[in-house]
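All heavy atoms count here, side chains included; hydrogens, waters and symmetry mates do not. Nothing here was measured: the structure is a model prediction, and the numbers come from that model. Residue numbers start from 1 in every chain, and the chains themselves are labelled A, B, ... in the order their sequence lines are given, proteins ahead of strands.
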There are 2 protein chains.
Amino acid sequence: MLKAEVKRMTDQSPAEGETGPEEPEKLVPRHRMANELRDDINNGIYEPGQKLPSQRDLAERYNVARNTAAEAVKILIAEGLIDNRDRARPTVRGPRRLLRLGAERYSNRLREETGVSPFRAEVEKQGKTPRVDCPSITKIRPPADIAARLGLSAERDFVVRRENWYFADEEPVQLGITYIPWEIAEGTVLATSANMGKGSLYGRFEDRGHRIAAIREEISSRMPTPEETKGLKVPAGVPVIDVIHTGIDQDDQPFEVTCFTMRADLNGLDYRIRIED
Amino acid sequence: MLKAEVKRMTDQSPAEGETGPEEPEKLVPRHRMANELRDDINNGIYEPGQKLPSQRDLAERYNVARNTAAEAVKILIAEGLIDNRDRARPTVRGPRRLLRLGAERYSNRLREETGVSPFRAEVEKQGKTPRVDCPSITKIRPPADIAARLGLSAERDFVVRRENWYFADEEPVQLGITYIPWEIAEGTVLATSANMGKGSLYGRFEDRGHRIAAIREEISSRMPTPEETKGLKVPAGVPVIDVIHTGIDQDDQPFEVTCFTMRADLNGLDYRIRIED
DNA sequence: GCAAGTATCTGGCTCAAGCCAGATGCGATA
DNA sequence: TATCGCATCTGGCTTGAGCCAGATACTTGC
């Protein structure tokens, strides 16, 4: 890692003495500058957590207008290399440790033995304080895609919709919206209370005769909507992971669907799956 | 011009104490314009595939400078709502059908019965033509994280590195880099040939006494690097999904690791998992 | 009817100038 | 010493001007 030769020839003379196999591929200034900055970051010249020089400085160093310097920084922000929360000085983003959520979080035994939710366990493993907020429980008609997964009718049936926000050290991490057939939730805490009691959510399903036997998880990723950016405080240049989770009971019946929206800079998934013959 | 008279003596008031339902939340022009455009797109005023009016038109309609109009469009591009391939006119991006890849793609029975790779099957299901390209097979020292997963030493051991590019109708879809311990690959087509023969990759592992019994899949998501943007032709505003896949045999030994990089606009994952008690 | 050539339009990009509000630093004051 | 107030700095944003190369449409000549 020879960071000694930080060439900074501000004049854009061709200067390509020996043309490598790669053609220079002439770049517009914003990209030339973004590339240099990116290399510097990857080579550790700017350390994670370190603030970048001011736009006005950068502009002078790279011999561009301040506007252009700002554009170059924006490129790296969009790539997720630089963080620019609020109006603070843009900062080099370091690799963050991911919460690794796996299928064992649904294990019946684990639930019974520890009594602590896997999300909490995972957060505490990182030395942070978990918090789960359930700001709303409502009775609604299921959205069409949810109805399909639960085997319900979007016109005739009802579901309980439970909204859960997950925090680590008060930083929003993910959002989960759980849909439960009214038939199952009716008359239980599932339909009324944020506090699920011993064994948590799946404990209550078991009370109603639905023991979790299998799950389906449909995973995709996309850029957050503006609402999600605000609600989850997703930094610029960070996508979200969508997980549509379906809980399936011992009779092969789906009894619950949860749609997770996770910040991709804080969450990952980790599945160990036995392959059936 | 000190606006001293505006100074809040009630400074640092809780602020989110009893905010009204929705304050207008004054927006800068670029966001105001981006919001209107986004609504129009979501309300179907601009149909998927339709071209946006010219920047100069938009600027006039929204009463901003052309620069600002361009910035507003860029916001929607970064959100993934608008596509601006090449220098073509920005176009409203429609929802794309995802390739849904699941764990059953590793099923031994499925492999033996159909003989066709799950990727091919999934692509053909969409009426497209699959193609897999294996441009390089090399013998290298394993990267540290790979070595750890295979139980090898990054200094002493070797692995075969196989690079695979996956296309649907000649559009790049994903990239997979497979690492196989040299001990296993030595002397087989695994180390030499792109063509795997009947039963494909996992058929050859079985020849060497490694029947797949379990897999581990570690999933995360991020924005693509510039190289990936170029190689996979990832459109602006689209993340990639990283999957680190580990194949585990009947003796609980890992025998293969593959790192997938998938375009998130074309790929999704779909796992059905039995929950152990 | 068709091909070639041309004028126009478009998006991408850069620049210089300037306003604003929040952050920062520093000195004066209590 | 601790706190307040102010000057300054910073990033974010907007504007209007202008250049460029590729796309498009239109004309002209064969």
Student: When you get a sec, tell me which of C:dT24, C:dT14, D:dG11 is the closest nucleotide to the side chain of A:Q55?
Tutor: D:dG11
Student: Over 60° means perpendicular and under 30° means parallel, so tell me whether A:Y166 and A:F260 are parallel, tilted or perpendicular.
Tutor: tilted
Student: Could you state the CG-C1' distance from A:L76 to D:dG11, rounded to the nearest angstrom?
Tutor: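 It is 16 Å, rounded to the nearest whole Å.
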Student: Rounding to an integer number of Å, can you tell me how far B:Y62 OH sits from D:dT15 P?
Tutor: 15 Å
Student: Report yes if a side-chain nitrogen or oxygen of A:R30 is closer than 4.0 Å to either non-bridging phosphate oxygen (OP1 or OP2) of C:dC13; otherwise report no.
Tutor: yes
Student: I'd like to know if the side chain of B:R93 reaches the main chain of B:G80, judged simply by a donor and an acceptor atom lying under 3.5 Å from each other, with no hydrogens or angles considered.
Tutor: yes
Student: Rounded to the Å, how far apart are B:M33 CE and D:dC13 P?
Tutor: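 So the two atoms are 15 Å apart, to the nearest Å.
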Student: Tell me: NZ of A:K74 to C1' of D:dT14, nearest whole Å?
Tutor: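 Interatomic distance, NZ of A:K74 to C1' of D:dT14: 11 Å.
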Student: Please state how far atom CD in A:E71 lies from atom P in C:dA16, giving the value in whole angstrom units.
Tutor: 15 Å
Student: Examine C:dT14: is either OP1 or OP2 under 4.0 Å from a nitrogen or oxygen in the side chain of A:T68? Give yes or no.
Tutor: no
Student: Just call it for B:V73: base, sugar-phosphate, or nothing, with non-hydrogen atoms closer than 4.0 Å on any strand.
Tutor: nothing
Student: Does C:dG11 have OP1 or OP2 under 4.0 Å away from a side-chain N or O of B:N84?
Tutor: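 Result: no.
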Student: Side chain of B:R66 only, heavy atoms from C-beta on: which candidate in D:dT14, C:dC13, D:dT15 is closest?
Tutor: C:dC13
Student: Starting at CZ of A:R89 and ending at C1' of C:dA21, how long is that distance when rounded to a whole Å?
Tutor: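 Taking atom C1' of C:dA21 as the reference, CZ of A:R89 is at 17 Å.
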Student: Separation of B:R32 atom CZ from D:dC13 atom P, in whole Å?
Tutor: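 So the CZ-P distance, B:R32 to D:dC13, works out to 15 Å.
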Student: Do A:E122 and A:K125 sit within salt-bridge range, that is, some charged N less than 4.0 Å from a carboxylate O?
Tutor: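 Looking at A:K125 together with A:E122, the answer is yes, because their closest N to O distance falls below 4.0 Å.
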Student: Identify which nucleotide among D:dA17, C:dG11, C:dT24 has an atom closest to any side-chain atom of B:N67, counting heavy atoms from C-beta outward.
Tutor: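 It is D:dA17.
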Student: Could you tell me whether A:E36 and A:R30 make a salt bridge, using a distance below 4.0 angstrom between a side-chain N and a carboxylate O?
Tutor: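 No salt bridge links A:E36 with A:R30.
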Student: Assign each of B:D57 and A:P29 to its nearest nucleotide of DNA chain C by heavy atoms, then name whichever residue's nucleotide is nearer the 5' end.
Tutor: B:D57
Student: Quick check for you: among C:dT24, C:dC15, C:dC13, whose closest atom lies nearest to any side-chain atom of A:K51?
Tutor: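 Nucleotide nearest to A:K51's side chain: C:dT24.
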Student: Can you find a side-chain donor-acceptor pair between B:R38 and B:N35 that sits under 3.5 Å?
Tutor: yes
Student: Are B:R56 and C:dC9 close enough that a side-chain N or O sits under 4.0 Å from OP1 or OP2?
Tutor: no
Student: Rounded to whole angstroms, how far apart are CD1 on A:I77 and C1' on D:dC13?
Tutor: 14 Å
